[in-house]
Amino acid sequence: MNAKFETLKASVQEIIDFIAVKNDREANNKLLEVSDVLDEMLDFAEEDEELREISRYQVLLNQLHVKINGEEEVDGDA
């Protein structure tokens, strides 16, 4: 399980690096790629700890998406 998340961590760092140099297009492309990987990991996750870690990454990717695209986060009622 660790190797999968180490690769994921490196990919998320790439997104953050793209944001830092204001390369939003590459950041968004990488974010979409990592989102697909996360979705696939979610489909095959068997352990609770794996699901929790995937969930943490999903929240982080949502925050990065907002940062890249300048959108406001939307609560259910807003």
Side-chain angles (χ1 to χ4, degrees):
M1 181 173 94
N2 262 350
K4 291 187 283 190
F5 288 107
E6 286 302 316
T7 302
L8 198 55
K9 182 179 176 181
S11 294
V12 168
Q13 185 60 53
E14 281 184 63
I15 296 168
I16 294 168
D17 292 344
F18 284 133
I19 293 170
V21 297
K22 309 242 186 277
N23 190 342
D24 291 345
R25 168 170 273 167
E26 286 301 319
N28 201 50
N29 289 342
K30 190 69 178 180
L31 188 138
L32 292 174
E33 178 185 315
V34 174
S35 291
D36 288 343
V37 170
L38 261 184
D39 288 344
E40 188 172 319
M41 288 173 72
L42 187 60
D43 288 343
F44 295 102
E46 296 177 357
E47 301 173 18
D48 286 345
E49 182 58 36
E50 242 181 322
L51 292 171
R52 280 190 290 273
E53 192 68 16
I54 291 168
S55 176
R56 289 182 191 117
Y57 276 100
Q58 287 175 321
V59 169
L60 177 57
L61 288 183
N62 285 338
Q63 292 171 338
L64 291 172
H65 175 78
V66 168
K67 178 75 173 163
I68 293 165
N69 296 297
E71 299 172 3
E72 292 294 319
E73 288 190 63
V74 178
D75 287 340
D77 299 325

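For reference, positions follow the sequence shown, starting with 1.
- Looking only at side-chain heavy atoms (C-beta outward), Val34 and Glu14 stay at 4.5 Å or farther from each other.
- Lys30 and Ile15 get closest at one heavy-atom pair: CG-CG1, 3.6 Å.
- Atom-to-atom distance recorded for Glu53:CD and Ser55:OG is 9.5 Å, nearest 0.5 angstrom.
- Separation of atoms CG (Leu42) and CG (Leu38) is listed at 8.0 Å; rounding is to 0.5 Å.
- The line from NZ of Lys22 to CG of Asp24 is 8.0 Å long, rounded to the nearest 0.5 Å.
- Phe44 has its side chain out of reach of Glu50: every pair of non-hydrogen atoms, C-beta onward, lies at least 4.5 Å apart.
- Leu64 has its side chain within reach of Val12: a pair of non-hydrogen atoms, C-beta onward, lies under 4.5 Å apart.
- A donor atom on one side chain and an acceptor atom on the other are found under 3.5 Å apart for Asp17 and Gln13.
- Rounding to the nearest 0.5 Å places CG of Leu31 at 12.5 Å from CD of Glu26.
- Hydrophobic clustering of Ile, Leu, Val, Met, Phe, Trp and Tyr side chains at less than 4.5 Å, counting indirect connections, unites Phe5 with Ile16.
- Note: the hydrophobic cluster containing Leu32 does not contain Leu61 (ILVMFWY, side chain heavy atoms under 4.5 Å, direct or indirect links).
- Between atom NZ of residue Lys9 and atom CG of residue Leu60 there is a gap of 11.5 Å, rounded to the nearest 0.5 Å.
- Separation of atoms CG (Asp43) and CD (Glu40) is listed at 7.5 Å; rounding is to 0.5 Å.
- Put simply, the side chain of Asn23 reaches to within 4.5 Å of the side chain of Arg25, judged on heavy atoms.
- Nearest heavy-atom pair, Gln58 versus Asp39, reported as atom, atom and distance to 0.1 Å: NE2-OD1, 4.4 Å.
- Side-chain heavy atoms closer than 4.5 Å link hydrophobic residues (I, L, V, M, F, W, Y) into clusters, and following such links, possibly through other members, connects Leu8 to Ile68.
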